[in-house]
Amino acid sequence: MRSVVSSFVHAGRRSLRTALLGMVMGGAVLHVGAARADDNGNLVLQLLERVNTLEEQTRDMRGQIDQLNNQVQQQNATLSKQIADMNFAMQNGHGGASGGAASAASTAAAGAAGAAPLASADGAAPAKRTAADILKDGNAALLRQDYTAAQADAQQVLSGPKSVRQIDAQYLLAQSLAGQKQYRQSALAYYDTYNRSPHGARAPSALLGVAATLVALGDKASACQALDKLSSEFPEPEPRIRSAEGIYRKKAKCGG
């Protein structure tokens with residue numbers, strides 16, 4: 001029904017107006033000698049009014065069809081829900097489906113048991129890992145090149161309560177991302193480490209990490225800017241920082 005009305009609305013409206021106007025013009029030509037000008041003008045107005053009336057009726061019909069379609073969709077949705085509810089009730093009322101419910105319950109129980117900390121031999125629950133413990137595990141993972149585990153530990157500390165440990169966690173995150181060759185994210189993480197504590201113990205290493213990752217990305221000009229910032233803010237860094245700075249200056253072909 002929608003397709004019939006739709007074709008009538010879109011195609012019939014123009015053809016109806018064209019046909020009626022053609023009838024008017026044709027009638028005017030056939031009776032040009034017999035009809036007066038004012039009669040022809042009245043006829044044209046009457047026919048145009050008729051066309052407008054038909055168009056209004058078509059719009060009304062289209063609105064009614066849309067309403068009917070909406071009602072049908074709502075009824076279908078209600079019926080589908082009722083069928084689903086009936087199936088659920090039937091399954092729970094018979095032993096065949098109760099096994100599924102029992103299985104789901106056992107799965108949930110197993111998940112709850114897995115989420116609970118395992119008791120030690122004496123029955124006491126193990127102590128919760130502190131931020132220091134997590135960072136220790138994360139750095140150990142970094143040394144054995146398990147960069148994914150190191151990243152997870154770093155993010156766990158960063159998502160916890162604010163503390164001075166988060167600077168170390170941010171630095172660990174930058175290192176783990178660099179190990180995964182995610183150099184762009186690593187550069188941002190290194191610079192975030194510097195921003196968290198511009199004068200802290202991690203700041204020189206963080207700026208050096210920014211330079212190293214920028215060199216890996218091929219952005220030598222930005223790497224040189226990071227190294228210049230390092231030398232200006234920390235003119236007397238640790239020997240290892242100074243040595244690494246010289247290496248990256250050569251890689252980036254920094255002037256001066």
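Values reported hereafter were calculated over all heavy atoms of this structure, with side chains retained and with hydrogens, waters and symmetry mates removed.
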Please report the interatomic distance [atom1]([X]) to [atom2]([Y]), rounded to the nearest 0.5 Å.
X: Thr148; Y: Leu177; atom1: OG1; atom2: CG; value: 10.0 Å
X: Arg129; Y: Lys136; atom1: CZ; atom2: NZ; value: 11.5 Å
X: Lys181; Y: Tyr183; atom1: NZ; atom2: OH; value: 5.5 Å
X: Phe234; Y: Glu245; atom1: CZ; atom2: CD; value: 11.5 Å
X: Gln151; Y: Asp146; atom1: CD; atom2: CG; value: 11.0 Å

Output yes when a side-chain donor or acceptor of [X] lies under 3.5 Å from a complementary backbone atom of [Y], and no otherwise.
X: Gln166; Y: Gly160; value: yes
X: Ser186; Y: Gln182; value: no
X: Ser243; Y: Pro239; value: no
X: Asp192; Y: Leu188; value: no
X: Asp133; Y: Thr130; value: yes
X: Arg184; Y: Thr213; value: no

State, yes or no, whether a side-chain contact exists between [X] and [Y] at a heavy-atom distance under 4.5 Å.
X: Ile167; Y: Thr193; value: yes
X: Gln156; Y: Asp137; value: no
X: Tyr190; Y: Gln175; value: yes

**OP:** Let me see the working for Arg249 and Asp228 under side chain to side chain contact (heavy atoms under 4.5 Å, CB included), right down to the final yes or no.
**Re:** CA-CA 9 Å; Arg249 281 191 179 277; Asp228 290 341; 3.1 Å; yes
Shortest non-hydrogen contact between [X] and [Y], atoms and distance:
X: Ala150; Y: Ala141; value: N-CB, 3.9 Å
X: Ala211; Y: Ala223; value: O-CB, 3.7 Å
X: Lys220; Y: Lys251; value: CE-O, 3.7 Å
X: Pro204; Y: Ala201; value: CD-O, 3.6 Å

Are [Y] and [X] co-members of a hydrophobic cluster defined by side-chain heavy atoms under 4.5 Å apart?
X: Val157; Y: Tyr171; value: no
X: Leu217; Y: Tyr248; value: yes
X: Leu173; Y: Leu142; value: no
X: Leu158; Y: Leu135; value: no
X: Leu227; Y: Val210; value: yes

Subject >> Any donor-acceptor N or O pair under 3.5 Å, side chains Tyr194, Glu233 >> reply: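 Checked: Tyr194/Glu233 side chains pair up, N/O donor to acceptor below 3.5 Å.
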Original post:
Can you name the residues that form a salt bridge (charged side-chain N to carboxylate O under 4.0 Å, His left out) with Arg202, not counting sequence neighbours?
Top reply: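 Arg202: salt bridge (charged side-chain N to carboxylate O under 4.0 Å, His left out) contacts with Asp168.
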Subject >> Derivation of the side chain to side chain contact (heavy atoms under 4.5 Å, CB included) call for Glu238 and Ser205 >> reply: CA-CA 10 Å; Glu238 297 178 9; Ser205 298; over 6 Å; no
